[in-house]
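Heads up, the thing below is written out as structure tokens.
Order of the sequence lines fixes the chain letters, A, B, ..., with proteins taken first and strands second; residue numbering starts at 1 for each chain. Below, each value reflects all heavy atoms present in this structure, side chains not excepted, and no hydrogens, waters or symmetry copies.
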Amino acid sequence: MPSVCFYFQVHQPYRLREFRFFDIGVDNDYEDVEKNRAVMQKVAAKCYLPMNALMLELIKRHQGRFRISFSMTGSFIEQCLEYAPEVLESFKKLADTGCVEFLDETDNHSLSFIFSEDEFRAQVARHRKRMEELFGQKPRAFRNTELVYSNSIARIAEDMGYDVVLAEGVDSILDWRTPDFVYHPEGCGRIKLMMKNHKLSDDIAFRFSDHSWEHYPLMAETFAGWLKGMKGGSDVINLFMDYETFGEHQWADTGIFDFMRALPDFVLADPDFDFLTVSEAADRYPARGWIDVPYYTSWADAERDISAWIRNDMQKDAFRALYECQFLAARVDDSELLEDWQRLQCSDHFYYMCTKSAADGNVHKYFSPYKAPADAYVNFMNVLADFRIRLLAKVGQ
Amino acid sequence: MRVLMLGWEFPPHISGGLGTACLGITQGLTEKGVDLTFILPSMKDDGKSQSEAKLRSASGVPISHALKKAVEQVRQQKKHDEFTELLMRPVNARLHPYGYDYSQSVDANAFNGDDIAEISHFHGGYKDDLMDEVYRFSTAAAAVVLEENAKKKADVIHAHDWMTYPAATIASRLSGLPFVAHLHATEFDRCGDNGWDVIYGIERDGLHAADHVIAVSERTKRIAVERYGVPEHKVSVVYNGAFLNEDIPTFEIPEAIKNEKRVLFMARITFQKGPEYFVEAARLVLNEMPNTRFIMAGSGDLLPRMMKRVAELRMGSQFHFPGFMRGKNEVYRMYSMADLFVMPSVSEPFGIAPLEALQCGAPILISKQSGCAEVLPAALTVDYWDVRRMADRIMDCLNYPVMAQESLRQCQADLQLLTWGRAAEGILQAYSHVCPNA
């Protein structure tokens, strides 16, 4: 009896304002408040509010048989509180239905695990606290920033008490296996691993409105048919995607809302099918094997690795410079500085510096507030220079 | 004395180093009582001239069929003459090598007929169609020269850099006025030995057609003589100047960064300015003095490569790229913040930037391949390619501010002599070679 597992990623970065060389040592106001507010309010109107309303409608209509999972970053929640509190309220309403699970991740949407396990654990712990306070849930499932994953991340997640961890279903890792079962990560004990079915997920997230795609326009009935075709060869079909897919990446006029409105009906029409949240699926299905991921994978770009954030020299240099501040940051106890320190770690800053071309380059460009990757680098380094000066001054005191 | 000047830049209409120099030269000459009209391809409507010289745009000028034909004739004639010129040059360059003198036969009014062929239009600056603009400018500027000369008889045509040499050549042929070519930079300075032969050709033709040449330094004169074959006696050296009475605003260095040391590079980020040597020297300095801050201000075709290199060397947290400075005030502010200004130019005909740095109180380290080093004997110099020595020099200046200050003090004293008035005197001297009543 296969289950469908929807997990939606909800994230908005704190975009930096243009921070010039002359601002170093003068101004410690890094954020582009106007832009962040505008984006948040725009996406709230186009995506978060209508999609949350739709999710609530579906949950009520199907009387608990439609179930979904969310993971939302701290920077999203903080910007919500500031610019669109009604969005957070609508998420709380979803949480109250009991059909929605919230996952844990790094609070700052950071790549901290690469550099510092301590920093990583602190960020996850902060996120866990936030989830408890906001939604009254103690997350049992963990997904790392941008689905970045490796054996060691699974090990830390297990150590932190999680029951299940998520990863991209990278073809080269899975080899002959399918992502549609629950697995165990190599080198771990009881923690389970669920992997994204990238074909079906990306059919919705990326190809839905692609006119050159052979299955365009994608109908809910067709998609449900594909799912049903997997009966017998799968336990759980993991559809992981950005929540902003609905109404923001794919605009309302593509029919994406209608697609989602109709999909549960078609899926649930077959009594063999149901929807589960991440932990529910991990509880119900036994692990069918061990998956060994000795290096980092992620859900980004064609490479499905961390090259979207750390590949070219600008990115590597910026990373180095950022995490050089770690030891200083550990010595200060200033809430403003620490807040900046956390926000600067947001992986999006490095994503903007990516210089890949072709299709992936266009995706990076779509998300970037900068004209060019080099602008992102220069601006970030200026901010970092100022931040470091402030840190040093504080430590010196 | 009436001078018709042809230029490609003039503040505020596109202003690089060339524009600054043109402004200084016109100011200096005007103060000496010279009646001066400056002709450039286009002018912004709102732009107010900073000088007393009359500015004239070569855009919107009606060009008659007669003029077009005459210009074409000059060009054709020139082609025919190439062989003749070759034969004649050893005899005497001051002879007109072009066979006949148009000024005897052509009345300027003959070009002002009703048969307008076109109205000239230029956007100025350095865009992709620069060559086309240069070509068309030669006709339009000639029209303006003829008109101005008819209004009031002029004494000399003075043209700045290769973009205006073809125009000056034609205007000189059609008006009979002598042509003085001012050499601010050559293709060899800009591109080393990998220059574009078309530009080299234009420069060479211009310098040979000119009745006299003004070079901005001995270094540049040497290039004109050795690489363009210009007879030595035809070249005068006139150094650029500084705007000494300009008010330099003072800037407070923010408290938080007062204790930092800053080393500044500010120029177009191109081959000529040697940015890569600065980057490599920075690496050596940062190995020893990791808290030094390096700044590479400006923009240019090598900027992406420099950024890549800095990132590669993992020194982006100490090496900044603030981009093109927005306005004079930011330029001054940048200089004022610098503990040392470095100009590692591979080949700098003169270099006005170090003078500006000195005015703002920044000690300078310049390459030995810079023309201004000839007039700033106390300046710290280094071969542009000697990165190790450059790094040592930078560290000396940062570690021993007293030494840097002493060099700064002497350079500032030398700077007091480098006025545009002095440059103007040199230019008048050069004019006297070609027009008797100068």
TODO: Tell me, yes or no, whether the heavy-atom count around B:Glu246 atom CD, taken from other residues, nucleotides or ligands under 6.0 Å, exceeds 12.
DONE: yes

Task: Within 6.0 angstrom of B:Lys127 NZ, more than 12 heavy atoms from elsewhere - done: yes

Open item on the list: Could you measure the distance from the CZ atom of B:Phe319 to the CE atom of A:Met381? Nearest 0.5 Å is fine.
Closed with: 12.0 Å

Task: Part of B:Met337 within contact of chain A (heavy atom distance under 4.5 Å) - done: side chain

Task: Side chain A:Asp317, main chain B:Gly316, donor-acceptor under 3.5 Å - done: yes

Open item on the list: Can you tell whether the side chains of A:Glu18 and B:Arg326 come within less than 4.0 Å, N to carboxylate O?
Closed with: yes

Open item on the list: How long is the straight-line distance from CZ of A:Phe22 back to CD of B:Glu330, given to the nearest 0.5 Å?
Closed with: 5.0 Å

Task: Partner chain A: residue of B:Met334, B:Arg309, B:Glu255 with the largest heavy-atom pair count (under 4.5 Å) - done: B:Met334

Open item on the list: Taking side chain as everything from C-beta outward and backbone as N, CA, C, O, which of these in A:Ile24 sits under 4.5 Å from a heavy atom of chain B? Side chain, backbone, both or neither.
Closed with: both

TODO: For B:Pro322 and A:Arg20, work out which heavy atoms get closest and say how close.
DONE: O-NH2, 4.4 Å

Open item on the list: Around atom CZ of A:Phe367, are there more than 12 heavy atoms from other residues, nucleotides or ligands closer than 6.0 Å?
Closed with: yes

Open item on the list: Could you report the tightest heavy-atom contact between A:Asp313 and B:Lys308, atom names first, then the distance?
Closed with: CB-O, 4.3 Å

Open item on the list: Need one label for B:Leu313: side chain, backbone, both or neither, based on atoms under 4.5 Å from any heavy atom in chain A.
Closed with: neither

TODO: Return the minimal non-hydrogen interatomic distance between A:Ala385 and B:Ser317, and the atom names on each side.
DONE: CB-O, 4.4 Å

Open item on the list: On a heavy-atom basis, which atom in A:Phe21 and which in B:Arg262 lie closest, and how many Å separate them?
Closed with: CZ-CD, 4.3 Å

Open item on the list: Under the criterion side chain to side chain contact (heavy atoms under 4.5 Å, CB included), I'd like the reasoning laid out for A:Val378 against B:His320: C-alpha separation, chi angles, the key distance, then a yes or no.
Closed with: CA-CA 7 Å; A:Val378 165; B:His320 298 265; over 6 Å; no

TODO: Please look at A:Ala374 and chain B and tell me whether the side chain, the backbone, both or neither of the residue comes under 4.5 angstrom of a heavy atom of that chain.
DONE: both

Open item on the list: Within this structure, what is the CG-CG distance for the pair B:Asn259 and A:Leu392, rounded to the nearest 0.5 Å?
Closed with: 9.5 Å

TODO: Might you confirm whether atom CD of A:Glu324 has over 12 heavy atoms from other residues, nucleotides or ligands at distances under 6.0 Å?
DONE: yes

Open item on the list: Heavy-atom cut-off 4.5 Å, strictly under: side chain, backbone, both or neither for A:Leu384 against chain B?
Closed with: neither

TODO: State whether the number of non-hydrogen atoms from other residues, nucleotides or ligands found under 6.0 Å of B:Asp301 atom CG is greater than 12.
DONE: yes

Task: B:Asp247, CG atom: more than 12 neighbouring heavy atoms under 6.0 Å - done: no

Task: Shortest non-hydrogen contact from B:Ala256 toward A:Gly25 - done: CB-O, 3.6 Å

Open item on the list: With a sphere of 6.0 Å drawn around NZ of B:Lys328, does it hold more than 12 non-hydrogen atoms of other residues, nucleotides or ligands?
Closed with: yes

Open item on the list: Looking at A:Asp333, I'd like to know if its CG atom is crowded, meaning that more than 12 non-hydrogen atoms belonging to other residues, nucleotides or ligands lie closer than 6.0 Å.
Closed with: no

Task: Side-chain donor or acceptor of A:Arg320 paired with backbone N/O of B:Arg314 under 3.5 Å - done: yes

Task: Minimum heavy-atom distance between B:Val310 and A:Tyr377, given as atom pair plus value - done: CG1-OH, 4.0 Å

